[in-house]
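Have a look at the structure below, then the notes.
Quick note: numbers below take in every heavy atom, side chains included, and nothing from hydrogens, waters or symmetry partners.
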Amino acid sequence: MKKIHGKKLATAAFIAAVGAIFGTAAASDPGKVVIASYGGSFQDAQKAAFFEPYAKATGTTVVDTTGTGYAKVKAMVASGNVTWDVISADAAAYESQVKEDLLEPIDYSIVKADKIPENLRREYGVGYMKATQNLSWSKDKFPNGLTPAQFFDPSVKARRVMLALPYYNMEFALLADGVKPAELYPLDVDRALKVIDRVKDQIVGFKGPSDVQALIQQGEVDAAYGPGGRINNAIKAGANWEFSYESSLTFVEYWAVPKGAPNVAEAMKFINYAIQPEAQAELPKQIFYGPVNSDAVKLLDPALAKALPGYPDNEKLGGFLNAKWWNENLASITPRWNTYIMQ
């Protein structure tokens, strides 16, 4: 008999656990589910933690694609040509999709979410992951570390990068400027832009998440404010960088189903799987994001659990994204933001 070692054994055990959850009937009646996410290292982690184990355990054909976002979902629903069954939606996009009636209601007779916090068991989506935007820096450039205030101090010379989004960045600027997390909202947009403007001439660019990671790995920036998972992946790939939860911003990612999705029943089965403790505990092993299922934390190494986004000691060092506020204000702020970063 061929001996199974290490990671293969762990994977086999995980697949068996998933099979126990779903039983053998699902494997004999395979379906199809198309899942849209963001690509890059995050989607690679989702494949390893969710997509591939689910497909192997149930016989379901899982097709993953990229491009998820409010605008794309709105265009699909409006045209009646919906090709996605499940989307990964950040909190701001999710709120907009709910407001525009772009999502199917979650079938909680299939999706067993009793271990998910009540505020994340929404009518049209289920929170499945906590993530943070983090300040990070090159240890070669800043061997003694970098504070949020220093990030916006023009006398602290550095090549900086920030995300090409008004949300996250404005909160970071205000937190770094002394605003207390509980007093962030409503955001003082004028003040936030003035803070960022202090170092705008040192900002290499306003980029997407994968570009932030690439710039770090390629040594083209000295400091960044971006997704903790991407930053952690850059460090794992060899970047001599560090990050902090000080002035971080925690946010939630949701599973949701576009209105008119071709395989709604299969979508619900996948979401049910992806919020169970075993699956939830796999994602932090692949990428630096925290689970929301309360039982998943018990399956993690304590040292890893304490380092993750969403861990109470980390979360209290920064703010929490108010997606509802952004849903009400994004349309009015975005043109100003776009004009600002292009100037």
- Task: Could you please spell out the steps behind the salt bridge (charged side-chain N to carboxylate O under 4.0 Å, His left out) verdict for E100 and K259?
- Result: CA-CA 11 Å; E100 296 286 334; K259 195 169 188 178; over 6 Å; no
- side-chain hydrogen bond (donor to acceptor under 3.5 Å, both in side chains) evaluation trace for Y128 with S88: CA-CA 9 Å; Y128 75 93; S88 185; 2.6 Å; yes
- Task: Start with the C-alpha distance between Y167 and W325, add both sets of side-chain angles, then the distance that settles ring pair (Phe, Tyr, Trp, His ring centres under 6.0 Å), and finish with yes or no.
- Result: CA-CA 10 Å; Y167 50 93; W325 187 90; over 10 Å; no
- Query: When you look at Y70 and Y94, which way does the ring pair (Phe, Tyr, Trp, His ring centres under 6.0 Å) test go after all the steps?
  - Reply: CA-CA 7 Å; Y70 162 70; Y94 169 77; over 10 Å; no
- Task: Walk me through it: do E315 and Y245 pass the test side-chain hydrogen bond (donor to acceptor under 3.5 Å, both in side chains)?
- Result: CA-CA 7 Å; E315 196 168 303; Y245 281 104; over 6 Å; no
- Message: K324 vs E328, test: salt bridge (charged side-chain N to carboxylate O under 4.0 Å, His left out). Steps then yes/no.
- Response: CA-CA 6 Å; K324 187 176 186 299; E328 296 167 353; 2.7 Å; yes
- Task: Take K298 and D295 through the salt bridge (charged side-chain N to carboxylate O under 4.0 Å, His left out) test and state the conclusion after the steps.
- Result: CA-CA 5 Å; K298 302 172 186 176; D295 285 349; 3.2 Å; yes
- salt bridge (charged side-chain N to carboxylate O under 4.0 Å, His left out) between K285 and D301, intermediate numbers included: CA-CA 10 Å; K285 299 173 186 177; D301 180 273; over 6 Å; no
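Aromatic rings of F172 and F151 (six-membered ring for Trp) have centroids within the 6.0 Å cut-off, being under it. If you look at Y168 and W326, their ring centroids are not closer than 6.0 Å. Centroid-to-centroid, the aromatic rings of Y273 and W255 stay 6.0 Å apart or farther. Ring centroid separation for the pair F243 and F288 comes in under the 6.0 Å cut-off.
Counting heavy atoms from C-beta outward, I35 and V62 have side chains that approach closer than 4.5 Å.
Under the 3.5 Å distance criterion, the side-chain polar atoms of Q276 are matched with a main-chain donor or acceptor of K112.
Within 6.0 Å of the CD atom in E118, the count of heavy atoms belonging to other residues, nucleotides or ligands does not exceed 12.
Note: Y124 OH to Y254 OH = 14.5 Å, rounded to the nearest 0.5 Å. Interatomic distance, K47 NZ to Q286 CD, rounded to the nearest 0.5 Å: 12.5 Å.
Judged by distance alone, the side chains of Q213 and S41 do bring a donor and an acceptor atom under 3.5 Å apart. A donor-acceptor contact closer than 3.5 angstrom links the side chains of Y38 and E253.
Salt-bridge annotation for K306 and D313: absent, with no side-chain N of the basic residue lying under 4.0 Å from a carboxylate O of the acidic one. Between R336 and D190 a salt bridge is recorded (basic side-chain N to carboxylate O distance below 4.0 Å).
For K130 and F320, the positive end is not near the middle of the six-membered ring at less than 6.0 Å and at most 45° from its axis.
Listed here is the closest heavy atom pair of Q97 and V73: NE2-CG2, 3.8 Å.
When each of I203, D211, V221 is paired with V161, the side chain to side chain contact (heavy atoms under 4.5 Å, CB included) condition holds for V221 and for no other. Checking each of K157, R160, R159 against D222 for a side-chain hydrogen bond (donor to acceptor under 3.5 Å, both in side chains) leaves exactly one that passes, namely R159.
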